[in-house]
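Before any comments, here is the structure.
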Amino acid sequence: NKLTVFIQKHQNEIINDTSKQKLLNIIEITHKHNKLILDNDLNTILYNLMSDYLALPEGKLVGSKMKRKVLSLYDSYTGIISTNVMNSDEIKWIVADVDNINGITLMNSDCNSEDILENVQVVNQELFDKIYDKFNSDHQISVKLNNNN
C-alpha cells in the first residue's frame, strides 16, 4: 500500500529507465506471488496498485511498453476474477505460455484452483497460429477444452 501512496505522490516526477523497470518488476512479482497464494487482501492491494499505475502519465514514472505489460496483467487479473460466475460444470483455461511446436500451457481460470496443464497440443495449425499471434501480442486468451481433451 505504501507503493500506491508513493506512485500517487510522485506521479509527475521523472525517473530513469532502471527505476521504471524496478517499479514494473515489483508489480510483476506481486502479480505472480498473488497467483500462487490467492490472498484476498493482496488481491485488493494489487488491483489498486495496477489501477494507479495505469492512470499515470507516460514518460514520468512509466514507459509506454511497461504500461502495456501492466495492462496485460490487469486484464488477466480482472478476467480471472470475472470467471467466478461461470457454470460449475464448465472449466475455462487461460493460456499461460505458448511454444513454437503447437504446444501450450494452460492455467485454470478459477482463482481457487492451482491446476496447470503443460504441453497441451493444439491439433489444428490454424487455431494454434491464432493463439500464438494473440499471445505474443499480449492478449489474454481463454479456452475451453472438450471432454476428450
Side-chain angles (χ1 to χ4, degrees), residues 1 3-4 7 11 15-149:
N1 233 354
L3 185 56
T4 301
I7 287 174
Q11 65 181 330
I15 60 175
N16 63 35
D17 289 341
T18 303
S19 297
K20 288 178 187 178
Q21 185 62 46
K22 287 180 182 177
L23 182 59
L24 175 63
N25 289 346
I26 291 169
I27 293 172
E28 289 177 323
I29 290 168
T30 306
H31 185 268
K32 287 178 185 177
H33 178 74
N34 189 45
K35 285 174 27 178
L36 295 174
I37 64 165
L38 299 172
D39 181 328
N40 285 336
D41 292 336
L42 188 56
N43 276 342
T44 303
I45 292 168
L46 182 60
Y47 182 81
N48 291 336
L49 177 60
M50 288 190 293
S51 295
D52 290 343
Y53 186 91
L54 291 171
L56 292 171
E58 290 180 17
K60 307 273 184 177
L61 294 177
V62 181
S64 62
K65 287 183 179 180
M66 294 170 181
K67 205 169 190 177
R68 280 193 294 257
K69 281 186 178 182
V70 172
L71 182 58
S72 175
L73 295 175
Y74 184 79
D75 287 344
S76 70
Y77 179 80
T78 55
I80 288 171
I81 289 175
S82 69
T83 60
N84 289 333
V85 293
M86 291 175 45
N87 294 332
S88 60
D89 60 337
E90 294 179 330
I91 298 177
K92 187 175 178 183
W93 298 86
I94 296 174
V95 177
D97 194 18
V98 178
D99 67 28
N100 291 328
I101 320 169
N102 289 6
I104 59 175
T105 301
L106 300 174
M107 180 176 72
N108 191 322
S109 64
D110 181 352
C111 293
N112 298 317
S113 175
E114 295 179 10
D115 294 340
I116 294 177
L117 300 175
E118 295 179 333
N119 299 318
V120 176
Q121 295 299 305
V122 179
V123 293
N124 180 323
Q125 183 64 42
E126 183 180 339
L127 178 59
F128 175 79
D129 291 342
K130 286 180 183 177
I131 292 171
Y132 185 84
D133 291 342
K134 292 260 187 204
F135 184 81
N136 287 320
S137 299
D138 292 330
H139 287 89
Q140 177 190 351
I141 305 151
S142 300
V143 297
K144 291 181 185 174
L145 301 179
N146 62 24
N147 291 336
N148 300 330
N149 290 335

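Excluded from the calculations below are hydrogen atoms, water molecules and symmetry mates; all remaining heavy atoms, backbone and side chain alike, are included. All of these numbers come straight from a predicted model, not from anything done at the bench.
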For F135 and V95, the nearest pair of non-hydrogen atoms, with its separation, is CE1-O, 3.7 Å
Considering non-hydrogen atoms only, spot the tightest contact between M66 and Y53 and give its length.
-> CB-OH, 3.4 Å
Any residue meeting side-chain hydrogen bond (donor to acceptor under 3.5 Å, both in side chains) with Q21, in chain and number order, not counting sequence neighbours = N25
Got a second to check how far D99's CG is from Y132's OH, nearest 0.5 Å?
-> 9.0 Å
Who are the side chain to side chain contact (heavy atoms under 4.5 Å, CB included) partners of K69, not counting sequence neighbours?
-> L24, E28
Residue set satisfying side chain to side chain contact (heavy atoms under 4.5 Å, CB included) with K134, at least two apart, ordered chain then number -> H139, I141
What distance separates L23 CG from I15 CD1, expressed to the nearest 0.5 Å?
-> 6.0 Å
Write down the atom of G63, the atom of K20, and the distance for their closest heavy-atom approach.
-> N-CD, 4.2 Å
Report the residues that fulfil side-chain hydrogen bond (donor to acceptor under 3.5 Å, both in side chains) with D97, sequence neighbours left out, ordered by chain and then residue number.
-> none
For N48, what residues pass the side-chain hydrogen bond (donor to acceptor under 3.5 Å, both in side chains) criterion, not counting sequence neighbours?
-> none
Sequence neighbours left out, what passes side-chain hydrogen bond (donor to acceptor under 3.5 Å, both in side chains) with S19? Give chain and number order.
-> N16
For M50, the option from I45, T4, I27, T30 that meets side-chain contact (heavy atoms from CB on, under 4.5 Å) = I27
Run the side-chain contact (heavy atoms from CB on, under 4.5 Å) check on L3 and D52 step by step: do they pass?
-> CA-CA 10 Å; L3 185 56; D52 290 343; over 6 Å; no
Are the side chains of F128 and V98 in touch, meaning some heavy atoms are under 4.5 Å apart?
-> yes
